[in-house]
Amino acid sequence: MSCFPVQERCGGTSGTPPLIALEEILRGGQTSCNHVDEVWPNLFLGDMFMSHDRYGLWKLGITHVLNAAHGKTCCKGSDDFYGTTVRYHGVPANDLPTFDLSPYFYPAAEYIHTALTAPGAKVFVHCAVGVSRSASLVLAFLMIHHGFSLVDAIRKVKESRWIFPNGGFLEQLRTLDIDLHKDGTTEADRQTT
């Protein structure tokens with residue numbers, strides 16, 4: 001099913017769709033993912049398997065790692081693990097609908113944005129599977145720094161990777177979308193003025 005009828009049922013393309021419509025959009029398009037996929041120029045989204053593959057990350061030219069499951073049993077990471085050639089940032093998120101990921105949206109988006117402004121930088125964002133926590137932070141980055149609506153950010157990432165943030169994270173991203181567009185301008189618009 002096309003995403004356009006979903007948007008029309010949700011009151012047009014300018015508003016933030018309800019959760020059920022977002023989940024319908026997420027079910028469409030890209031239906032698979034690898035251990036790592038480039039979802040935006042020099043921005044890679046992946047899983048814990050790839051996060052443990054230092055040689056694989058080196059081959060990709062990764063210079064920055066954002067771990068959206070920092071401190072969790074399967075996703076331990078640190079500056080020491082990656083060495084001096086990779087900068088590390090950890091977000092201690094649980095993949096539960098009740099977990100409030102929203103306080104990490106702006107700091108994670110800023111980390112990604114700052115990293116990508118450095119010449120030759122490549123950022124790898126991951127969690128355990130690379131479809132919920134880390135995907136939510138990548139969506140927030142696209143919304144905050146590139147002016148994407150939530151729907152457009154989802155579509156952009158889904159061009160390259162299957163993602164499915166849990167319902168709680170989607171609601172938090174909906175709130176971010178509403179906040180970013182409530183006055184008709186986006187953070188990206190405000191940064192250019």
Side-chain angles (χ1 to χ4, degrees), residues 1-34 36-47 66 68 91 93 95-113 116 123-127 129-193:
M1 175 185 277
S2 167
C3 293
F4 294 107
V6 170
Q7 288 178 336
E8 290 166 9
R9 286 196 310 266
C10 301
T13 57
S14 61
T16 301
L19 180 62
I20 193 166
L22 292 171
E23 289 175 340
E24 192 171 327
I25 293 167
L26 285 164
R27 285 187 193 95
Q30 182 68 271
T31 58
S32 65
C33 52
N34 301 300
V36 62
D37 295 290
E38 188 172 17
V39 296
W40 184 257
N42 299 317
L43 177 58
F44 297 80
L45 182 55
D47 61 18
L66 172 57
V91 172
D95 190 16
L96 299 169
T98 56
F99 184 85
D100 189 1
L101 188 62
S102 64
Y104 299 101
F105 288 164
Y106 278 92
E110 191 58 32
Y111 177 79
I112 295 167
H113 176 72
L116 290 177
V123 180
F124 175 60
V125 182
H126 77 91
C127 54
V129 183
V131 300
S132 185
R133 288 170 282 195
S134 55
S136 296
L137 295 179
V138 167
L139 293 172
F141 160 74
L142 292 173
M143 294 163 65
I144 293 166
H145 283 284
H146 293 282
F148 280 73
S149 69
L150 175 55
V151 169
D152 290 340
I154 290 170
R155 286 185 181 144
K156 180 61 185 167
V157 172
K158 283 186 63 62
E159 287 174 6
S160 306
R161 183 178 183 83
W162 180 77
I163 59 169
F164 209 100
N166 73 49
F169 296 166
L170 281 176
E171 285 293 353
Q172 294 163 39
L173 287 164
R174 285 186 75 250
T175 299
L176 176 65
D177 193 38
I178 292 164
D179 289 346
L180 288 172
H181 297 96
K182 66 182 163 194
D183 64 359
T185 61
T186 65
E187 184 68 22
D189 294 333
R190 287 185 282 277
Q191 289 177 357
T192 59
T193 58

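Each residue takes its place number in the sequence, starting with 1.
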Partner of L45 under side-chain contact (heavy atoms from CB on, under 4.5 Å), picked from V131, V36, V138, D37, is V138
Side-chain heavy-atom pair D152, L142 within 4.5 angstrom cut-off: no
How many angstroms lie between atom OG of S134 and atom CG of L139, to the nearest 0.5 angstrom? 9.5 Å
Do the side chain of D177 and the main chain of L150 share a donor and acceptor less than 3.5 angstrom apart? yes
Would you say the side chain of L43 lies within less than 4.5 Å of the side chain of F141, judging by non-hydrogen atoms? yes
Does A93 offer a backbone N or O that forms a donor-acceptor pair with the side chain of R133 under 3.5 Å? yes
Minimum side-chain heavy-atom gap P103-D100 below 4.5 Å: yes
Partners meeting salt bridge (Lys or Arg N to Asp or Glu O under 4.0 Å) with D47 (sequence neighbours left out): none
Parallel, tilted or perpendicular, judged at 30° and 60°: which one describes the rings of H146 and W40? tilted
Side chains of V91 and F105: closer than 4.5 Å at any heavy-atom pair? no
Output all residues satisfying ring pair (Phe, Tyr, Trp, His ring centres under 6.0 Å) with F124, sequence neighbours left out; order by chain, then residue number. H126
Considering only distance and modelled atom types, tabulate donor-acceptor pairs under 3.5 Å from the side chains of residues 163-172, sequence neighbours left out.
unit_1 : atom_1 : unit_2 : atom_2 : d
N166   : OD1    : G168   : N      : 2.9
N166   : OD1    : F169   : N      : 2.9
N166   : ND2    : D95    : OD1    : 2.8
E171   : OE1    : R174   : NH1    : 3.2
Q172   : OE1    : L101   : N      : 2.7
Q172   : OE1    : S102   : N      : 3.0
Q172   : NE2    : F99    : O      : 2.9
Q172   : NE2    : G168   : O      : 3.3

Stepwise, does the side-chain contact (heavy atoms from CB on, under 4.5 Å) test hold for V151 with L22? CA-CA 7 Å; V151 169; L22 292 171; 3.9 Å; yes
Working to the nearest 0.5 angstrom, can you tell me the gap between T16 OG1 and I178 CD1? 4.5 Å
Quick one: side chain to side chain donor-acceptor pair (under 3.5 Å) partners of E38, sequence neighbours excluded? none
Residue set satisfying ring pair (Phe, Tyr, Trp, His ring centres under 6.0 Å) with Y111, at least two apart, ordered chain then number -> H64, H89
How far does CE of M143 sit from CG of L173, to the nearest 0.5 angstrom? 5.5 Å
Reported CD1-to-NZ distance for the pair I25 and K158, which is rounded to 0.5 angstrom: 10.0 Å
Sequence-distant partners of A108, side-chain contact (heavy atoms from CB on, under 4.5 Å), two or more places apart: L66, L137
To the nearest 0.5 Å, what is the distance between CD1 (I154) and CD (E159)? 13.0 Å
